[in-house]
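So the structure is just underneath, and the comments pick up after that.
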Amino acid sequence: MRRDVFQAIADPVRRDIIALLADTPLTVNNIAEKFDISRPAISKHLKILQECDLIAVAQNGRTRLCMIQPQNLLPAFMWMEQYKKLWEDRLDDFGNYLNELKTKTISNEHKK
């Protein structure tokens with residue numbers, strides 16, 4: 001099955017794993033300790049992240065060290081970036097609406 005970055009980041013556990021690895025490389029066991037799911041489930045998530053080239057796994061004896069490949073998140077970032085202005089405008093409009101409501105409420109309270 002061919003996977004892509006969007007499939008990898010669609011799952012919240014995988015997003016959490018990426019966030020952990022953004023700080024420092026970790027062993028598979030270190031990663032598994034951070035979650036309340038089984039070690040095989042973590043291994044499955046790591047396999048998907050590796051298939052999508054979002055992490056690299058280096059074998060050092062019996063230890064497997066996972067490292068993030070941040071450059072491979074770029075396609076997702078670029079796709080999301082195109083919507084940044086749209087969401088900023090909508091949030092600004094919402095903020096303006098809330099300020100209007102607040103002003104009306106304060107104005108009505110002073111009239112009482």
Side-chain angles (χ1 to χ4, degrees):
M1 170 187 240
R2 175 88 174 114
R3 299 186 191 272
D4 67 17
V5 67
F6 296 100
Q7 288 174 305
I9 64 174
D11 186 278
V13 171
R14 290 193 289 270
R15 290 192 303 269
D16 288 344
I17 291 170
I18 290 168
L20 285 172
L21 294 176
D23 293 332
T24 186
L26 295 170
T27 65
V28 173
N29 286 334
N30 293 142
I31 295 167
E33 290 169 1
K34 309 265 186 209
F35 295 89
D36 289 330
I37 58 176
S38 69
R39 171 89 167 39
I42 290 295
S43 291
K44 183 177 177 183
H45 286 296
L46 292 172
K47 181 180 178 190
I48 292 168
L49 290 170
Q50 191 174 12
E51 288 173 359
C52 296
D53 292 326
L54 294 181
I55 66 167
V57 180
Q59 189 82 32
N60 185 3
R62 296 180 66 202
T63 304
R64 292 179 8 179
L65 189 64
C66 301
M67 298 158 283
I68 192 169
Q69 304 294 303
Q71 70 278 7
N72 295 329
L73 284 166
L74 194 56
F77 174 78
M78 296 300 292
W79 183 81
M80 289 184 291
E81 185 66 18
Q82 68 184 331
Y83 298 102
K84 180 180 177 183
K85 176 85 170 109
L86 171 74
W87 284 108
E88 285 175 347
D89 290 346
R90 289 189 178 180
L91 289 172
D92 287 345
D93 289 345
F94 184 63
N96 292 338
Y97 173 73
L98 291 176
N99 285 334
E100 276 181 40
L101 286 178
K102 184 178 178 182
T103 302
K104 286 179 183 177
T105 302
I106 291 170
S107 176
N108 288 338
E109 287 176 2
H110 288 295
K111 290 179 183 177
K112 292 180 181 180

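Quick caveat: nothing in here was measured; it's all calculated off a predicted structure.
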Kindly write out the residues that satisfy side chain to side chain contact (heavy atoms under 4.5 Å, CB included) with Ala41, not counting sequence neighbours, or none if the list is empty.
Ile37, Ser38
Interatomic distance, CZ@Arg64 vs CD@Gln50, rounded to 0.5 Å, equals 7.0 Å
Enter the distance from Leu49:CG to Asp11:CG here, rounded to the nearest 0.5 Å.
8.5 Å
Contacts of Arg15 meeting side chain to side chain donor-acceptor pair (under 3.5 Å) (sequence neighbours excluded), chain-then-number -> none
Rounded to the nearest 0.5 Å, what separates atom CG in Leu54 from atom CD in Gln71?
9.0 Å
Roughly how far apart are Cys52 SG and Gln69 CD, rounded to 0.5 Å?
12.5 Å
Hydrophobic cluster mates of Met78, side-chain heavy atoms under 4.5 angstrom, ILVMFWY only, any path?
Leu74, Phe77
How about Cys66 and Leu26: do any of their side-chain heavy atoms sit closer than 4.5 Å?
no
Using the ring pair (Phe, Tyr, Trp, His ring centres under 6.0 Å) rule, collect all pairs that involve residues 80-101, keeping only residues at least two apart or in two chains.
Trp79-Tyr83
Partners passing side chain to side chain contact (heavy atoms under 4.5 Å, CB included) against Pro25 (at least two apart in sequence or in another chain)
Leu65, Met67
Who are the side chain to side chain contact (heavy atoms under 4.5 Å, CB included) partners of Lys102, not counting sequence neighbours?
Ile106
Rounded to the nearest 0.5 Å, what's the gap from CD1 on Ile68 to CG on Leu20? Could you check?
10.0 Å
Taking Gly61's backbone N and O only, do any of them form a donor-acceptor pair with Gln59's side chain (distance below 3.5 Å, no angle check)?
yes
Would you call Ile18 and Leu73 a side-chain contact if the rule is heavy atoms closer than 4.5 Å?
yes
Answer whether the closest heavy-atom distance between the side chains of Lys84 and Glu81 falls below 4.5 Å.
yes
Separation between CG of Leu91 and CG of Asn96, rounded to the nearest 0.5 Å
11.0 Å
Nearest heavy-atom neighbours spanning Ile48 and Ala8:
CG2-CA, 4.4 Å
For Asn60, look at atom CG and say whether over 12 heavy atoms of other residues, nucleotides or ligands are found less than 6.0 Å away.
no
Any ring pair (Phe, Tyr, Trp, His ring centres under 6.0 Å) involving residues 16-39? Give me the pairs, sequence neighbours left out, ordered by first then second residue.
none
The salt bridge (Lys or Arg N to Asp or Glu O under 4.0 Å) partners of Asp92 (sequence neighbours excluded) come to none
Residues 19-29 vs side chain to side chain donor-acceptor pair (under 3.5 Å), sequence neighbours excluded, gives Thr27-Asn30, Asn29-Arg39
For the residue pair Leu46 and Val57, establish whether any side-chain heavy-atom pair is separated by less than 4.5 Å.
no
For residues Arg14 and His45, report the shortest heavy-atom separation together with the two atoms involved.
NH1-ND1, 3.1 Å
